[in-house]
Every structure is written in structure tokens, then in C-alpha cells.
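Just below is one structure, and these are the notes that go with it.
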There are 2 protein chains.
Amino acid sequence: MLLSTKGDYGVRALIDLAKHAGEGPVQRSDIARRRQLPESYLDHLLAQLRRDGFVRSTRGPGGGHELTRPAEEITLLSVLECLEGSLAPMVCVADANRGGESLCGQSWVWAEIYDDMRARLAAVTIAELVEHERQHERAIAANYSI
Amino acid sequence: MLLSTKGDYGVRALIDLAKHAGEGPVQRSDIARRRQLPESYLDHLLAQLRRDGFVRSTRGPGGGHELTRPAEEITLLSVLECLEGSLAPMVCVADANRGGESLCGQSWVWAEIYDDMRARLAAVTIAELVEHERQHERAIAANYSI
DNA sequence: TACAATGCTGAGTAGTTTAGTCGTGAATCG
DNA sequence: CGATTCACGACTAAACTACTCAGCATTGTA
């Protein structure tokens, strides 16, 4: 039932891009270094995010990656579904298979859980994750200063 | 994010045992046939369920498997955690790792989802799944009789 | 006591997925 | 042109999934 590292790393990368929004293109290597991610793997994740329109990239010196939209408009759900595919816990529970067909055994329970989960993930934006991280940093800093 | 077949099959097997509770031991081969599960695989799942005290078994002719407790007392959560291990969507979100340590990035969202999910699964019993299946069977039968 | 029916256990395995690396090529800036 | 950056596809080691199978242990019946 674990989320793969794709979703985890990809969201971390977008948080990084959101934090540096408006400062021009951010390079892969900087994201990888700051977030402690393997750069050549991050490569593939950024490619997927670009294909799905979350980021745009420019090549050449001074090139890099940027968000295409404000972080407030990017939901956690959309990013995870981009990188992980469907988050459905059982195949018969995925959106496509919900056309009146019987949800057998325990699957009706999982269908409810899945719907709640998606609603929850759709209600959180990258901007909120950035804000959460900033608060966390302030808490750490306050601890040190005591 | 998919549940494995272990949890799925195991719950199906327990539903079968619950339906035949009070009729003496139920044989592996009967469960496998009725629920369309590979018998030699079901073998391992029943072994795990026995180790964790969900079923007891008797060998020899006339032997088989039985629930150790009423189906009303067996929650879906306990069965799934027996067969799947932790259902946590991220390692840092698992129960063991929740001692005040920082839930970084998106993990605080998943921690909330995880808690809700476990509460939901803990509120459903095998008895309810049996009842749900019976209702479904009645609906099918009614359709045929029209 | 023999034997047949049943469960128990661990080894093995083919296929898939995960989490990457690496090399080459393409675009761009100076 | 040459340095810098992204783009893309091939490749891979390790782990996991979903099994099968052989052989042993236990028990009821004749």
C-alpha cells in the first residue's frame, strides 16, 4: 500500500520550484542537491511533470524548470495521479470501473475510503505544502535560538 | 497503492468461513472452489490467519478450518493488517514512527488519510461483509425472477 | 495397524515493479 | 564553436507478487 518514491520525490521537487517561483528557471541539479534526490532519477519525474503541463523547461546555460501555474492552483491529487497513475487501492474501485458494476467483497468499503482520500488530496495545494514547510523551518529556528 | 491479493483473498476466505460457521470444519478445497481462489496459495494465507488467531484448524479426515470468534468481532482492519502488514501509505506515517518526529513534505496529509482509513476499516466486521454479500445475492435473485 | 484424508511448511520460480544509472543527442547562450 | 543545460531511451539490480510443488505431520476410519 505504499506510495512509491515517484510521488514523494515529485512533490518535493514541485515544492522546491514553488519556493523559487519568480526567480527564473531552477536547475535540476539544484533541486536534487537541496532536496537530496538522485538527479538522474529526478530527470524522469520532471519529464513526466512537463508532459502533463505542471512545469515548463528551458535548455542551455541559465535554463531549468519553472511552474506553469501558481502553486495555489496545483493540487496534491493532480500531481500524485500524474506520477503514480491511479491511486485506487483495488482495481475494481478505480474510477473507470465504477459504472454500476457490483463492488464485491470488501471493495465497497475501499470505494468509500478512496473517494474520501481523493477529496482530501484535492483540497491540498502545493502552496499549502510550502507554507507548512516554512512554518516547520521557523519552529526549528526558534528551537535553536532558545 | 494497490492492496495485494493476500488481503483480498484472505477476507474472501473469512467471509466463506463466517457463512459456514457452526457447520464444523470447512476444508481448504471447498473455500478455494467456492471463492475461485488458487488452493495452494490460500494455504499460506490460512496459515497466517491461524498464526494470528483468526482461525483454528484440525487435520485428518473431516478436518478443516473454523473461525475462532464470532464474525461480528473480527474487523476488516485486523484481518488486512494480519495479511498485508502495515497499510501505511508512507513509511514515516506508520504508527511506530509517529513519536513527535517531523512529518515532512506531504506526509502530514497522508497521516490524516491513514488515520481515517484505519478508523473506517476498524468499523467494518466480517459479519457485515457477509450481510452485504447476502443482500447482493438477494438482489441478483430478484432480478432473475422478474 | 494400515491408509487415506487433511493440514503444515519451506523451497523454488516466473513475471512484474521499483528505483534507479548511463550514454547520447538536442537546444541554447555567449 | 564550446560549454551548459534539458530530453529521451536503453539498460539493470534488487525486491516483490503470486503463485506451485514436494514432502512431512496429524488424525479418523476400517
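Throughout, a chain's letter reflects where its sequence line sits, starting with A, and its residues are numbered from 1. The structure presented is a predicted model; accordingly, all values stated were derived computationally and were not measured.
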Any A/Arg59 side-chain nitrogen or oxygen under 4.0 Å from OP1 or OP2 of C/dA26: no

Criterion side chain to side chain contact (heavy atoms under 4.5 Å, CB included) against B/Ile74, the qualifying member of B/Val55, B/Leu67, B/Val11: B/Leu67

Between B/Arg138 and B/Gln135: side-chain donor-acceptor atoms closer than 3.5 Å: no

N/O donor-acceptor pair under 3.5 Å between A/Ser86 side chain and A/Ala94 backbone: no

Interatomic distance, A/Leu83 CG vs C/dA19 P [rounded to whole Å]: 12 Å

Whole-Å distance separating the CD atom of B/Gln27 from the C1' atom of C/dA4: 13 Å

Upstream residue (5' side of DNA chain C) when A/Leu3 and B/Ala47 are each assigned their closest nucleotide: B/Ala47

Distance below 4.0 Å between A/Tyr9 side-chain N/O and C/dA19 OP1 or OP2: no

Residues B/Lys6, B/Glu84; criterion side-chain contact (heavy atoms from CB on, under 4.5 Å); working and verdict: CA-CA 7 Å; B/Lys6 285 183 189 174; B/Glu84 300 272 347; 4.2 Å; yes

Value in whole Å for how far the P atom of C/dA19 lies from CG of A/Leu37: 13 Å

Range on DNA chain D touched by chain A - first to last nucleotide, heavy-atom distance under 4.0 Å: D/dT4 to D/dA10

Main-chain N/O of A/Gly53 paired with A/Thr68 side-chain donor or acceptor, under 3.5 Å: yes

Distance below 4.0 Å between A/Ser4 side-chain N/O and C/dT18 OP1 or OP2: no

Side chain to side chain donor-acceptor pair (under 3.5 Å) partners of B/Thr125, counting only residues at least two apart: none

Touch class at under 4.0 angstrom, heavy-atom based, for A/Ser29 against every strand present: nothing

Nucleotides 10-15 of chain C: which of its N/O atoms have a protein N/O under 3.5 Å away?
unit_1 : atom_1 : unit_2  : atom_2 : d
C/dG10 : O6     : B/His44 : NE2    : 3.3

Residues B/Leu3, B/Leu87; criterion side-chain contact (heavy atoms from CB on, under 4.5 Å); working and verdict: CA-CA 9 Å; B/Leu3 205 69; B/Leu87 298 174; 4.2 Å; yes

Atom pair distance, as rounded to whole Å: CG in B/Asp30 and P in C/dA5: 14 Å

Euclidean distance, atom CZ of residue A/Arg28 to atom P of C/dT21 [Å, nearest integer]: 12 Å

Whole-Å distance separating the CD1 atom of B/Ile31 from the P atom of C/dT6: 13 Å

Value in whole Å for how far the P atom of C/dG20 lies from NZ of A/Lys6: 11 Å

Donor-acceptor side-chain pairing of B/Trp108 and B/Glu112 below 3.5 angstrom: no

Verdict with supporting geometry, A/Gln48 and A/Phe54, side-chain contact (heavy atoms from CB on, under 4.5 Å): CA-CA 9 Å; A/Gln48 185 64 46; A/Phe54 289 95; over 6 Å; no

Derivation and outcome, side-chain contact (heavy atoms from CB on, under 4.5 Å), residues B/Leu121 and A/Trp110: CA-CA 9 Å; B/Leu121 293 172; A/Trp110 283 106; 3.7 Å; yes

Separation of atom CD in A/Glu39 from atom P in C/dA19, rounded to whole Å: 19 Å

Whichever of B/Thr58 and A/Pro38 has its nearest DNA chain C nucleotide further upstream toward 5': B/Thr58

C/dT9 phosphate, OP1 or OP2, under 4.0 Å from B/Arg50 side-chain N/O: yes

